Amino acid sequence: MQKHSRFLTISMMLVAANMRLPITIMPSLIQSFKQNFNLPNSLAGMLTTIPLLTFAVMSPIIAKLARRFGNEHVIYAFLIILAIGSYLRVIPSSAALLVGTLLVGVGIDAGNVLIPAVIKDNFLVKFR
């Protein structure tokens, strides 16, 4: 069995905990966004569609980045993107909301793609 640090265990748990909430909270807030930002239905629907589109587009790119720079470094860089996107969504502007949602989708995608690989590499017992 490979050895891993408590820091790695805690950091993987924190990354995994932050991967879903920024996306799953959006449908319940759509009506509020439509009223506060005067968003048409089509633009409000994009708030739930953008993260799914980023998953489809960014997953192969993230896998290539991970091969080049390492899983942990790519996860860290994309967590920064996730944080920037989360902060942008707080700004009371429809443009900031849409760009922030895009960045949140991109940031979460790295966790979706790479956390299983990190867990496999560091936590699973390897059989011979």
Side-chain angles (χ1 to χ4, degrees):
M1 183 163 89
Q2 286 186 321
K3 295 186 181 214
H4 56 276
S5 69
R6 287 184 183 166
F7 178 74
L8 179 63
T9 303
I10 291 169
S11 59
M12 286 299 102
M13 291 170 67
L14 290 173
V15 169
N18 285 296
M19 286 187 352
R20 295 286 177 232
L21 185 61
I23 292 175
T24 58
I25 199 168
M26 293 307 284
S28 62
L29 298 174
I30 290 290
Q31 289 294 32
S32 174
F33 288 137
K34 284 171 53 176
Q35 291 173 353
N36 292 336
F37 297 113
N38 297 319
L39 294 177
N41 287 333
S42 59
L43 201 51
M46 287 300 293
L47 293 174
T48 57
T49 304
I50 289 172
L52 298 174
L53 294 175
T54 62
F55 294 165
V57 172
M58 291 300 296
S59 293
I61 296 168
I62 289 171
K64 288 180 183 176
L65 289 172
R67 279 193 294 275
R68 182 170 183 183
F69 299 108
N71 292 339
E72 291 84 0
H73 290 110
V74 174
I75 289 173
Y76 180 72
F78 278 76
L79 275 177
I80 293 170
I81 292 171
L82 172 61
I84 292 168
S86 294
Y87 285 118
L88 279 175
R89 294 194 324 178
V90 174
I91 297 171
S93 156
S94 58
L97 179 63
L98 290 169
V99 171
T101 300
L102 175 72
L103 293 178
V104 163
V106 169
I108 290 173
D109 193 34
N112 283 339
V113 172
L114 299 178
I115 285 183
V118 170
I119 291 170
K120 179 184 157 268
D121 292 344
N122 293 286
F123 295 95
L124 296 181
V125 176
K126 296 192 179 190
F127 296 100
R128 293 182 188 213

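These numbers were taken from a predicted model, which means no experiment stands behind them. As a basis for the values below, the full set of heavy atoms in this structure was taken, side chains included, without hydrogen atoms, waters or symmetry mates.
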Chemist: Same cluster or not: are Val104 and Ile91 linked, directly or through other Ile, Leu, Val, Met, Phe, Trp or Tyr residues, by side-chain heavy atoms under 4.5 angstrom apart?
Modeler: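 Linked within one cluster.
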
Chemist: Starting from Ile81, can I reach Leu52 by hopping between I/L/V/M/F/W/Y residues whose side chains sit under 4.5 Å apart?
Modeler: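 Yes, Leu52 connects to Ile81 through the hydrophobic network.
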
Chemist: Drop me the distance from Ser94's OG to Lys34's NZ, to the nearest 0.5 angstrom.
Modeler: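 Rounded to the nearest 0.5 Å, the OG-NZ separation comes to 14.5 Å.
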
Chemist: Using side-chain heavy atoms (C-beta onward) and a distance below 4.5 Å, is Leu103 in contact with Leu82?
Modeler: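 No. Closest side-chain heavy atoms not under 4.5 Å.
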
Chemist: Can Ile80 be reached from Val113 by stepping across I, L, V, M, F, W or Y side chains whose heavy atoms are under 4.5 Å apart?
Modeler: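 Val113 clusters together with Ile80.
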
Chemist: To the nearest 0.5 angstrom, please state how far the OG atom of Ser28 sits from the CZ atom of Phe33.
Modeler: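 Rounded to the nearest 0.5 Å, the OG-CZ separation comes to 8.5 Å.
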
Chemist: Quick check for you: to the nearest 0.5 Å, what is the distance between Leu114 atom CG and Ile75 atom CD1?
Modeler: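 Answer for the CG-CD1 pair, Leu114 versus Ile75, is 5.0 Å.
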
Chemist: What distance separates Leu65 CG from Asn71 CG, expressed to the nearest 0.5 Å?
Modeler: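 Answer for the CG-CG pair, Leu65 versus Asn71, is 11.0 Å.
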
Chemist: Side-chain heavy atoms under 4.5 angstrom apart, residues restricted to Ile, Leu, Val, Met, Phe, Trp, Tyr: same cluster for Val106 and Val57?
Modeler: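 Different clusters: Val106 never reaches Val57 through Ile, Leu, Val, Met, Phe, Trp or Tyr contacts under 4.5 Å.
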
Chemist: Can you name the one residue among Asp109, Asn112, Thr54 that meets side-chain hydrogen bond (donor to acceptor under 3.5 Å, both in side chains) with Ser59?
Modeler: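 It is Asp109; the other options fail the test.
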
Chemist: Minimum heavy-atom separation for Gly111 and Pro116, please, with both atom names.
Modeler: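 That closest heavy-atom pairing would be O-CD, 3.8 Å.
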
Chemist: Kindly compute the distance separating CG (Leu102) from CE (Met58), expressed to the nearest 0.5 Å.
Modeler: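 Taking CG in Leu102 and CE in Met58, the distance rounds to 9.0 Å.
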
Chemist: Not counting sequence neighbours, which residues clear side-chain hydrogen bond (donor to acceptor under 3.5 Å, both in side chains) with Asn38? List them please.
Modeler: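 Asn38 satisfies side-chain hydrogen bond (donor to acceptor under 3.5 Å, both in side chains) with no other residue.
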
Chemist: Identify whether Ile25 and Phe37 are in the same connected component of the hydrophobic contact network (ILVMFWY, side-chain heavy atoms under 4.5 Å).
Modeler: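 Yes; Phe37 is reachable from Ile25 via cluster members.
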
Chemist: Distance-only, no hydrogens or angles: does the Thr48 side chain make a donor-acceptor pair with backbone N or O of Gly45 under 3.5 Å?
Modeler: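 Judged by distance alone, yes, a pair lies under 3.5 Å.
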
Chemist: Give, for atom CG of Leu39 and atom CG of Leu47, the distance between the pair rounded to the nearest 0.5 Å.
Modeler: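 Here the rounded value is 6.5 Å.
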
Chemist: Can you find a pair of side-chain heavy atoms, one from Leu43 and one from Leu98, that are under 4.5 Å apart?
Modeler: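 Yes, their side chains come closer than 4.5 Å.
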
